[in-house]
2 protein chains.
Amino acid sequence: MVVTLKDIAKETGKSITTVSRALNDYDEVSSATKELVHRVASELGYTPNIFAQRLQKQNTDTIGLIIPTYGPRFSDPFFSELLAGVGNRAASLGYDLLVSTRAPGDYEIEAYCSMTQGRRVDGFVLVRTRRKDARVECLQKSGYPFVAFGRAEENINFPFVDEDGTYGMKTVVEHLASLGHQRIACIAPSSELMFAHYRLQGFIEGLAEVGLEADDSLILIGDLTQRSGYEQANKLLDLPSPPTAIAACNDLMAFGAISAAQERGLVVGKDISITGFDNIPMAEYSHPPLTTLHQPLYQIGGMVCEMLIHLIRGESLEREQTLLKPELIIRQSSGLLRS
Amino acid sequence: MVVTLKDIAKETGKSITTVSRALNDYDEVSSATKELVHRVASELGYTPNIFAQRLQKQNTDTIGLIIPTYGPRFSDPFFSELLAGVGNRAASLGYDLLVSTRAPGDYEIEAYCSMTQGRRVDGFVLVRTRRKDARVECLQKSGYPFVAFGRAEENINFPFVDEDGTYGMKTVVEHLASLGHQRIACIAPSSELMFAHYRLQGFIEGLAEVGLEADDSLILIGDLTQRSGYEQANKLLDLPSPPTAIAACNDLMAFGAISAAQERGLVVGKDISITGFDNIPMAEYSHPPLTTLHQPLYQIGGMVCEMLIHLIRGESLEREQTLLKPELIIRQSSGLLRS
DNA sequence: ATTGTATACCAAAACGTTTTGGGAGTCAAT
DNA sequence: ATTGACTCCCAAAACGTTTTGGTATACAAT
């Protein structure tokens with residue numbers, strides 16, 4: 001049978017109150033009693049019933065993470081690394097992690113509602129913010145604490161960590177321009193996604209800074225998968241005057257683009273330069289290795305998680321909003337323009 | 001303030017008992033009362049306190065998944081796809097998913113203990129079974145329901161879904177042999193991991209079936225990452241008489257091996273054949289596209305999750321143990337032996 | 001008149017904690 | 001002797017559900 005405080009009380013001859021306090025290390029219990037209670041507790045193999053605790057304390061020691069999954073072949077290294085970061089930090093701070101996977105859309109908000117209404121979690125980690133983010137509205141309205149990985153449209157204010165995608169893409173464009181490239185294309189995800197918006201903005205500003213004109217026909221929209229990188233790159237390469245460099249807004253699409261170029265016999269890094277964004281582990285081992293921007297996803301996951309827990313505990317945050325500068329990692333997928 | 005049954009009772013003039021029963025659709029409540037209660041409940045915005053329910057019912061409607069994370073750059077597409085499968089199925093069956101990420105080792109068992117002892121979950125999904133799997137022992141001893149993705153050493157009996165890795169690697173070896181390869185190497189993870197054990201066994205049996213002798217110097221151990229595929233492939237290629245084909249036991253190591261071969265100027269698929277196992281999305285877009293074995297991870301995740309929930313509900317399983325045949329996907333990383 | 005059987009309801013107990021509000025004893029200062 | 005401060009302890013309430021073990025009424029069958 002399951003051991004409860006009552007059993008320990010009976011065994012030690014103390015009251016339930018005292019047992020509870022002894023186990024929680026209150027000062028008003030003598031050290032002799034504390035010792036006795038602890039000994040008996042471990043003899044009987046006592047473990048507190050977490051739901052009774054939560055019912056009483058009205059908190060959950062659990063944080064929620066809802067992962068938007070795009071289709072059944074969902075397999076974005078982005079999330080596994082971030083998840084590891086959030087999960088490990090949560091565990092080390094004594095919090096459980098309740099994960100829900102939902103396709104973006106109507107049911108996604110439902111997942112938030114069911115977690116908030118049932119008071120299943122103390123707060124949320126929000127990932128991949130969107131331009132009009134119903135999740136942000138929902139959480140702000142309900143007053144649930146949350147920390148986002150990613151910003152939102154200007155005027156909404158909430159704690160976040162984000163990478164400076166604009167800065168990142170500017171450095172990519174500078175890099176490509178310094179290699180002599182003038183026709184630089186971009187494969188960007190829908191600007192609905194805030195990070196895509198910032199990255200694309202960086203691409204355009206970068207072009208301006210190096211004195212190149214943005215050409216709308218060289219900016220295509222992809223959906224973050226290799227497949228779409230492949231398809232959009234094919235469209236770019238079919239243009240009468242194709243680009244000599246393609247800056248993809250994430251590594252997966254860059255791989256798709258590389259694949260498309262190679263199918264046409266182009267040598268990536270020589271005939272054409274292709275860059276990514278994220279520096280997923282695969283980037284180092286692709287052929288050719290991918291020039292990309294490094295985002296420390298594991299650390300970001302940890303940061304976001306820790307900020308959230310501070311918030312839940314009612315502590316003030318050192319920094320409400322953090323913007324990280326991604327670092328350009330130059331590998332062989334980008335090279336001098338062949339003249 | 002939070003609305004409770006008591007509030008509804010007061011508002012409707014009924015007792016708490018009747019309100020509870022009305023909401024749970026017991027027959028012993030008149031339909032008029034049911035209607036009244038439901039109306040008032042939704043007017044007041046009632047949502048049950050989940051912890052009170054769980055305390056009373058002594059169950060959690062939550063399943064646990066503990067992901068072994070190898071290091072901070074943990075980023076295995078294997079897990080994101082599996083997680084999506086488990087998570088989506090759990091949600092559709094009304095279960096929450098509690099995820100814990102732990103490095104394999106001592107703390108991993110602790111994670112199981114804290115979930116079982118605190119009775120935080122009704123059961124577990126166990127992934128990547130190991131030869132002497134302390135987790136299996138722990139769960140069997142505690143009597144917690146669980147379903148594994150992967151088998152264990154012969155005599156232990158528990159419900160699982162697994163892919164037939166032995167069969168899979170045999171088909172790979174047959175494929176390579178049919179292309180004329182005679183010196184075929186294998187990069188396998190530690191045989192501590194059951195799936196690695198079966199895959200390696202398939203490799204060896206496969207060699208025997210096509211009349212080739214296994215050469216121990218051609219079997220190296222990796223740790224599932226690209227880096228280790230790269231390192232081990234380098235060792236193989238440095239041999240006085242290097243292999244003409246390398247069968248890696250997962251896709252990530254295959255990519256590492258491809259990278260190593262390409263660094264030496266070898267054309268993969270011509271000068272050397274390299275194969276993987278898993279068919280992660282990247283396999284289609286690598287250069288060259290990877291010959292590998294397809295595992296339907298998303299579906300497997302769903303199956304495992306559903307079996308577990310049946311088990312938790314005390315229903316009998318249609319099949320306790322399922323072995324799936326992986327399908328060989330031939331792409332360009334394997335080709336005819338150059339003579 | 002009694003018994004049986006539905007139907008519709010309810011008070012109180014139970015789940016296992018933590019917290020509230022207090023009590024009893026000891027010791028020292030007035 | 002009284003007061004105050006301190007230490008150590010406890011009974012009971014509270015958290016919000018579900019379940020147990022009833023009751024009261026109405027109606028039909030004996």
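Remember, predicted model here, so these are calculated numbers, not experimental data. Just so we're on the same page: letters track the sequence lines, and every chain starts at 1.
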Closest to the B:T18 side chain, choosing from D:dC8, D:dT19, C:dC9:
C:dC9

Kindly point out which of C:dT17, D:dT17, D:dT19 is positioned nearest to the side chain of A:T4?
C:dT17

Starting at [atom1] of [X] and ending at [atom2] of [N], how long is that distance when rounded to a whole Å?
X     : N      : atom1 : atom2 : answer
B:K6  : D:dA13 : NZ    : P     : 13 Å
A:L5  : D:dA12 : CG    : C1'   : 15 Å
A:Y26 : D:dT7  : OH    : C1'   : 17 Å
A:I16 : D:dA11 : CD1   : C1'   : 10 Å
B:D25 : D:dT18 : CG    : C1'   : 16 Å
B:N24 : D:dT17 : CG    : P     : 11 Å

Pairwise side-chain contact, [X] with [Y], heavy-atom cut-off 4.5 Å (strictly under):
X      : Y      : result
A:L83  : A:L97  : yes
B:I8   : B:V37  : yes
B:V121 : B:I63  : no
A:L98  : A:R120 : yes
B:R151 : B:L323 : yes
A:I67  : A:S100 : no

Applying side chain to side chain contact (heavy atoms under 4.5 Å, CB included), name anything that partners B:Q321, two or more places apart in sequence or on another chain.
B:N157, B:F160

Can you list the residues that meet the side chain to side chain contact (heavy atoms under 4.5 Å, CB included) rule with B:R313, with sequence neighbours excluded?
B:Y95, B:I309, B:E315

Bend of the helix from C:dA1-D:dT30 to C:dT30-D:dA1 from end-axis comparison, five pairs per end, nearest 10°, comes to 70°

Which part of the nucleic acid does B:S20 contact within heavy-atom distance under 4.0 Å: base, sugar-phosphate only, or nothing?
base

Within the structure shown, what part of the strands sits under 4.0 Å from B:K14 by heavy-atom distance: base, sugar-phosphate, or nothing?
sugar-phosphate

So which protein N/O to nucleotides 21-24 of chain D N/O distances come out below 3.5 Å?
none

Under a 4.0 Å heavy-atom cutoff, the residues of residues 34-61 of chain A touching DNA chain D are A:L55, A:Q56, A:Q58

Please collect all ring pair (Phe, Tyr, Trp, His ring centres under 6.0 Å) contacts where either partner lies in residues 131-153 of chain A, sequence neighbours excluded, each pair once.
A:F78-A:F149, A:F124-A:Y144, A:F146-A:F158

Phosphate oxygens OP1/OP2 of C:dT7: is one of them under 4.0 Å from a side-chain N or O of B:S30?
no

Between A:R130, A:R131, A:K132, which is the residue that forms a salt bridge (charged side-chain N to carboxylate O under 4.0 Å, His left out) with A:E153?
A:R131

Just checking, any donor-acceptor pair under 3.5 angstrom between side chains of A:T18 and A:S15?
yes

